[in-house]
Amino acid sequence: MTLSGKKIIIGITGGIAAYKTCDLIRKLIKLNADVRAVITPAAKKFVTETTLRTLTRNSVYCEQFDVPEWKPEHISLADSADLFLIVPASANTIGKMANGICDNLLTSLIAAFNKPVILAPAMNCNMWENSFVQENIVKLEKAGFYIIPPESGELACGYEGTGRLADIGKILEKALEILSKEKFLQGKKIIITAGGTKEPIDPVRYIGNRSSGKMGIALADAAYSFGADVTLVSTIKVDKPYKIINLSTAMEMLETVKNEFSQVDALIMAAAVADFRVNSTSDHKIKKGEKENITLELVKNPDILKEISKIKRDNQVLVGFCAESQDLIENAKKKIGSKNLDFIIANDISDKEIGFNSDYNAVTIIDKFMNEIKIDKTLKKELAKIILKEIFK
Ligand code: PMT
């Protein structure tokens, strides 16, 4: 196996097992991976920057604010890598990651990283068994981190117990397994829409909705990390390594999606598209004047999914979202039929904790045969991966 073209970040935290990470780096380099070492200040007590620089043949990263480029280091490193390994992962860094603390480059990088992460903890056996450490491990595992538990035996601190870094061969094997299967969308072209459309009233005002674009952007990020050629059609401006088309209105979204659709394998409509637009928008700002009321006449927007379903080929996949506050599943199933969809992702927007403008969502994935898969409240960035795996499995 070769890891040519794969970018791997090795995070090293302060623990005696850090010397074993050098062997892991050597093995990854032998497989032609591009390895970058990111170390915590405590890791410097156990392994030198010179050793890591020589082994990785790259710069070693430690200081958060020592930035030579315009883009913050934690963002550019996070964007470019395929896999993040933290070997060894100390109780301290595990605690920070599980609680969203970003007080050094490594923890900031993890918070900005949306691709697979492998953690190989190593510490004293009593620390490993500490209930807070265990809670944090469970939390990280639930969030999708791959944990390679420590092994039992004689520990460097003189104790006998569980806490020794897992065998380097085992960690390498997991990395290879993930890198080979995580690219299951390689060769697929996917359009994903995100955000709420803005229907102009005059040059200043518009009719909009509360969609933040988080769900659609999480899907685009996940699809990209799985190897897809992604086009994000979005009303929200973001800077990402894939193609983005920014627009505002439902009519512009229809036009754009229609233009792109013939070249893609799938369309996922996570955008909240306005059902109506203002019939005649004013060229100038509408003045309040002496008026007590004004009336806006709204006309129906075309249904983008329905329009696209008319030109859809059998081998193309059409996925809609369904935002409802009542009779969610019943309405979602009706939409599968009326919009001729392969899948619909139903989310209950009456729950303020999920859906619109939240980092979380809870959905039911329904296919065209009316099979249902319920996913409980999950971070949108994790949910996006689950949705893609279900759609393309
Ligand atoms: O953006 P976030 O803050 O992260 O919130 C995510 C979300 C709640 C917006 C998202 O999860 C979601 O539910 N998006 C779809 C919202 C919606 O418009 O639902 P709907 O039930 O009205 O429409 C059903 C489907 O038809 C949707 O896929 C929609 O994109 C599509 N549609 C709707 C109207 C229209 N004119 N054309 C369409 O294609």
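Counting starts at 1 for both ligands and their atoms, following the listed order.
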Other residues, nucleotides, ligands: >12 heavy atoms within 6.0 Å of Lys291 NZ: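 Count over threshold, so yes.
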Nearest heavy atom to [atom]: which of [options] does it belong to?
| atom | options | value |
| --- | --- | --- |
| atom 19 (O) of ligand 1 | Ala323, Ser358, Gly195 | Ala323 |
| atom 39 (O) of ligand 1 | Ile217, Asp348, Leu305 | Leu305 |
| atom 29 (C) of ligand 1 | Ala271, Gly355, Gly320 | Ala271 |

Sub-3.5 Å N/O-N/O distance, Cys322 and ligand 1: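 By distance alone, the answer is no.
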N/O separation below 3.5 Å, Asn301 to ligand 1: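 Between Asn301 and ligand 1 (N or O atoms, distance only) the closest approach is not under 3.5 Å.
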Touching ligand 1 at all, [X]? Heavy atoms, strictly under 4.0 Å?
| X | result |
| --- | --- |
| Asn209 | no |
| Met253 | no |
| Lys339 | yes |
| Gly213 | yes |

Pairwise side chain to side chain donor-acceptor pair (under 3.5 Å) hits with a residue in residues 248-263, at least two apart: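 Residue pairs passing side chain to side chain donor-acceptor pair (under 3.5 Å), neighbours aside: Lys243-Glu260.
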Which of the ligand 1 atoms, numbered from 1, are nearer than 4.0 Å to a heavy atom of Phe356: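 The list of qualifying atoms is 3 (O), 5 (O), 8 (C), 9 (C).
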Asp327 side chain to Asn331 side chain, donor-acceptor N/O pair below 3.5 angstrom: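 The answer is no; no qualifying pair exists.
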Contact partition for Asp275 relative to ligand 1, non-hydrogen atoms under 4.0 Å: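 Only the side chain of Asp275 comes within reach of ligand 1.
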Geometric class of the Phe113/Phe84 ring pair [parallel <30°, tilted 30-60°, perpendicular >60°]: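 The arrangement is perpendicular - the two ring planes meet at more than 60°.
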Residues forming a salt bridge (Lys or Arg N to Asp or Glu O under 4.0 Å) with Asp103, sequence neighbours excluded: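 Counting only residues at least two positions away or on another chain, Asp103 forms a salt bridge (Lys or Arg N to Asp or Glu O under 4.0 Å) with Lys96.
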